[in-house]
Amino acid sequence: MIKRDVIIIGAGAAGLFCAAQAGQRGRSAEVLDHAKKVGRKILMSGGGRCNFTNMYAAPENYLSQNPHFCKSALSRYTQWDFIGLVNDHKIAYHEKTLGQLFCDNSASDIVEMLLAECQKGGVKVTTRCEITHVEKVAEGYVLQTSQGEYQCESLVIASGGLSLPKLGATPFAYKVAEQFGMHVLPTKAGLVPFTLPPELKASLAEISGISQTVRASCNDTSFVEDMLITHRGISGPAILQISSYWDGQPVELDLNVNEDLAEKLKTEKEAKPNVLLKNFIATCFARRFADTLVKILDLPNVPLRQLNDKQIQNIADQLHHWRIQPAGTEGYRTAEVTLGGVDTNELSSKTMEARNVKGLYFIGEAVDVTGWLGGYNFQWAWSSGWVAAQYV
Ligand code: FDA
């Protein structure tokens, strides 16, 4: 039997960081992961450059049934703490947009940094390790695994959520929580592209690749960012962001956030009354996008002089408030995150320890705390991992 003070299950962002910190506190720690490689999501994140945090990360950027839960961890280990560590390791990075920090070179810089921090803490990292049984005993926990039996005082579950099963995602965390009588909230794919009803999908597929800045809104929440038309539906940051707030209702898209199209149309009508509406619309959007919009919204192909104020307002409203009904989402296959998971009511926000199960901790994406797109999810992994490491 291998004995450790702390076993961490999951060698992703949260698990590796927590293990390194616990090890550096003098605890003997080992990370177990069933995958062949550690940190696979980190490696493919941010298009291979890992958007490792956000300069403006704050509790408002997270979804959770208890929006206050994330406050403690985020304030005790902040984005500036993590940026300090990245600086210590001399990793070059840049701000891409909206406070999002990316590696200049490669996401592997972050994985190497985490492994170096683990080494500094004397942490053992074991891959290809299947955990078949978890049991609570008087001294802590006993684990049966494909690599033998382990015993530990503190057990940290950092096995993430359900997104990207092909990268090794499993419901392990939820099963352990349920095994110990803890409540798990229903899960849902988040930061995920929308699929569309067949007719709309076919019309938009013709212009896949086109990107347009939009305001995407539903459930009293809006994001102004780019929308990308794809062969399968709609994606891009604006859509990924709003998908996390989507419950099946129509999504409203303001297709031109910078101009008042009714005013612009009226001015244009005065100046160029013989211009066709579709040619006017092509001055507001990329030509192919404009032509497709005219078809989808069934806009009249008439000179501007034939439009009265009411019709102008109506056309502008259609473009500023285009309501589309997604057919669904692409699901966990492509989702960046999993919403829901281990109910925060079951955990101490200060330590991440289960309130009623001594020595059992949950961190990272397994917990019902989900960030926006833009480095917020990794920051939650670092912050929740760090606080747990202070108590394990
Ligand atoms: P994570 O999923 O990283 O790690 C869990 C680990 O547990 C994995 O190594 C897995 O193999 C292991 N595991 C699972 N089940 C197990 C079992 N039964 N037994 C043993 N081990 C098990 N966020 C961000 O802030 N910036 C970004 O740029 C991106 N980009 C991005 C791109 C893509 C394509 C995805 C899918 C996601 C992102 N994210 C992101 C989200 C981010 O990757 C995610 O929030 C964190 O990786 C979550 O970290 P965790 O450590 O909690 O889980």
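Every number for a ligand or one of its atoms is a count from 1 in the order of the listing.
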field: side-chain contact (heavy atoms from CB on, under 4.5 Å) assessment of Ile83 paired with Tyr93
entry: CA-CA 10 Å; Ile83 293 166; Tyr93 61 87; 3.2 Å; yes
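- Counting protein heavy atoms only, atom 41 (C) of ligand 1 is closest to Glu336 O, 3.6 Å.
- Among all non-hydrogen protein atoms, the one lying nearest atom 26 (N) of ligand 1 is Asn51 O, 2.9 Å.
- Atoms of ligand 1 found under 4.0 Å from any heavy atom of Ala11 (numbered from 1 in listed order, with element): 6 (C), 9 (O).
- The protein non-hydrogen atom at the shortest distance from atom 6 (C) of ligand 1 is Asp33 OD2, 3.6 Å.
- When the options Lys3, Arg4, Lys358, Arg27 are evaluated for a salt bridge (charged side-chain N to carboxylate O under 4.0 Å, His left out) with Glu153, the one that passes is Arg27.
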task: I would like to know whether Tyr376 and Trp380 meet ring-ring contact (aromatic ring centres under 6.0 Å, His included); could you show each step before the answer?
output: CA-CA 6 Å; Tyr376 301 100; Trp380 172 245; over 10 Å; no
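- Remark: side-chain polar atoms of Thr78 are not paired, donor with acceptor, to backbone N or O of Ser75 under 3.5 angstrom.
- Residue contact check: Ala35 has heavy atoms under 4.0 Å from atoms 11 (O) of ligand 1.
- Legend: residues meeting side chain to side chain contact (heavy atoms under 4.5 Å, CB included) with Leu319, ordered by chain and number and at least two apart, are Leu255, Leu261, Ile281, Phe285, Leu293, Leu297, Ile315.
- Looking from atom 40 (C) of ligand 1 to the surrounding protein, the closest heavy atom is Phe378 CE1, 3.7 Å.
- Considering backbone and side-chain atoms together, Thr170 places an N or O closer than 3.5 Å to an N or O of ligand 1.
- Residue pairs meeting the side chain to side chain donor-acceptor pair (under 3.5 Å) criterion with at least one member in residues 234-245, sequence neighbours excluded: Glu225-Gln241, Tyr245-Trp372.
- For atom 44 (C) of ligand 1, the nearest non-hydrogen atom of the protein is Glu365 OE1, 3.2 Å.
- In terms of polar-atom proximity, Ala13 is counted as a contact of ligand 1, with an N or O under 3.5 Å from an N or O of the ligand.
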